[in-house]
Amino acid sequence: MKIKVNGKEKELEEEITIKKLIDLLGLADRPLAVELNKEVVKKENHNSVRLKDGDTVEIIHFVGGG
Amino acid sequence: MMEEDVLVLGNKKFKSRLFVGTGKYSSFEETKQALEISGAEIVTVAVRRVNLDDPSKESLLDYIDREKYTILPNTAGCYTEEDAVRTARLAREAGLSDMVKLEVIGDEKTLFPDNEALLSATKTLVKEGFIVLPYTNDDPIMAKKLEDAGAAAVMPLGAPIGSGLGIRNPYNIKIILETVKVPVIVDAGVGTASDAAIAMELGCDGVLMNTGIAGAKKPLLMAEAMKYAVKAGRLAYLAGRIPKKLYATASSPITDIIGQD
């Protein structure tokens with residue numbers, strides 16, 4: 001299945017949770033936030049929400065800005 | 001001594017009235033030092049996609065002591081209400097702050113706000129419990145609308161973002177100060193210390209700047225200059241300046257001068 005993460009297509013072999021995606025991307029334990037199809041996914045739900053074919057995910061963090 | 005002069009925003013009290021951005025520094029280390037020297041207690045950050053190609057990259061937050069600084073995420077770069085609201089929600093979900101410096105930009109060249117979208121986004125986020133600090137133009141009518149919409153402060157620009165043109169319309173800022181009861185924080189346009197001092201002398205509750213410090217030849221020195229400028233301007237405002245007059249008034253006694261008959 002295909003999903004889009006931060007504007008780029010990503011191929012996944014199976015439906016995985018958001019938590020698993022974060023781990024796969026090497027972002028575990030980082031202060032970040034996740035949006036799935038334009039809706040924020042609360043941290044406590046990262047372990048239960050599963051990604052489906054065609055989903056769009058945004059993973060953000062804080063950078064320097066004014 | 002006078003009682004402690006603090007700025008209240010949301011449910012927090014701040015001694016420093018200088019808000020500092022974290023963009024454009026040459027390194028995170030320099031960012032950290034500039035924050036330290038400026039004495040700021042509130043620092044702005046931007047919300048961006050994580051770089052998935054290099055997730056091991058250092059994070060700005062590793063350099064910001066969250067015990068010491070209140071993080072104020074912004075929605076810079078958002079040109080629509082929807083994007084600004086989504087960005088604010090993501091920022092809050094990241095778990096560092098319920099505050100948001102709300103920007104809805106109308107035009108790339110001026111980075112002036114899209115007031116209509118800004119007001120609407122403010123209403124949405126206030127309803128969701130955010131402490132909303134909207135970046136607005138120096139328009140008293142807009143400031144009042146934002147206050148009525150529940151903004152915790154209004155942040156009129158002194159001049160376009162990053163322009164360094166200073167407080168271009170101090171009279172509008174003054175009218176805004178008379179129009180709203182929430183704190184007024186000048187955001188954007190400050191180029192040097194006197195600009196910050198002028199904003200504070202007008203009676204503003206704070207000044208927010210980024211490029212003014214980060215873009216200086218010696219950012220750390222400018223951070224120090226801004227610390228004193230904001231403080232000096234605030235003290236001068238509290239002290240109450242003398243009225244301006246066209247002609248001289250002698251400061252030495254005008255009697256008992258030698259040679260008088």
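By convention in this document, chain letters (A, B, ...) are assigned in the order of the sequence lines, proteins followed by strands, and residues within each chain are numbered from 1.
- Only the side chain of Asp53(B) comes within less than 4.5 Å of a heavy atom in chain A; its backbone stays farther off.
- Side chains of Asp195(B) and Thr192(B): a donor-acceptor N/O pair is absent below 3.5 angstrom, by distance only.
- Contact annotation for Lys24(B): neither backbone nor side-chain heavy atoms come within less than 4.5 Å of a heavy atom of chain A.
- For Glu108(B), the CD atom counts as loosely surrounded, since its 6.0 Å shell holds 12 or fewer non-hydrogen atoms of other residues, nucleotides or ligands.
- For the set Thr44(B), Asn210(B), Leu90(B), the count of heavy-atom pairs under 4.5 angstrom toward chain A peaks at Leu90(B).
- Of all the heavy atoms in Ala216(B) and Met222(B), the pair that sits closest is CB-CB, 3.7 Å.
- Residue Leu27(A) touches chain B through its side chain alone, counting heavy-atom pairs closer than 4.5 Å.
- Residue with the most contacts toward chain B among Lys43(A), Lys42(A), Glu39(A), Lys38(A): Lys38(A) (heavy-atom pairs, distance under 4.5 Å).
- No other option in Ala94(B), Ala46(B), Ser59(B) has as many heavy-atom pairs under 4.5 Å with chain A as Ala46(B).
- Interface remark: Val41(A) contributes backbone atoms only to the contact with chain B (heavy atom separation under 4.5 Å).
- Under 4.0 Å is where a charged nitrogen must lie from a carboxylate oxygen, and between Asp187(B) and Lys101(B) at least one such pair does.
- A cation-pi arrangement is present between Arg92(B) and Phe130(B) under the rule of less than 6.0 angstrom and at most 45 degrees off the ring axis.
- At a threshold of 4.0 Å, the pair Lys52(A)-Glu15(A) does not count as salt-bridged, since none of the basic side-chain nitrogens sits closer than that to a carboxylate oxygen.
- Contact annotation for Ala188(B): neither backbone nor side-chain heavy atoms come within less than 4.5 Å of a heavy atom of chain A.
- Around atom CG of Asp65(B), more than 12 heavy atoms belonging to other residues, nucleotides or ligands sit under 6.0 Å away.
- Heavy atoms of Leu96(B) lying under 4.5 Å from chain A belong exclusively to its side chain.
- Comparing Arg48(B), Arg86(B), Arg49(B), Glu93(B) by heavy-atom pairs within less than 4.5 Å of chain A, the highest count is held by Arg49(B).
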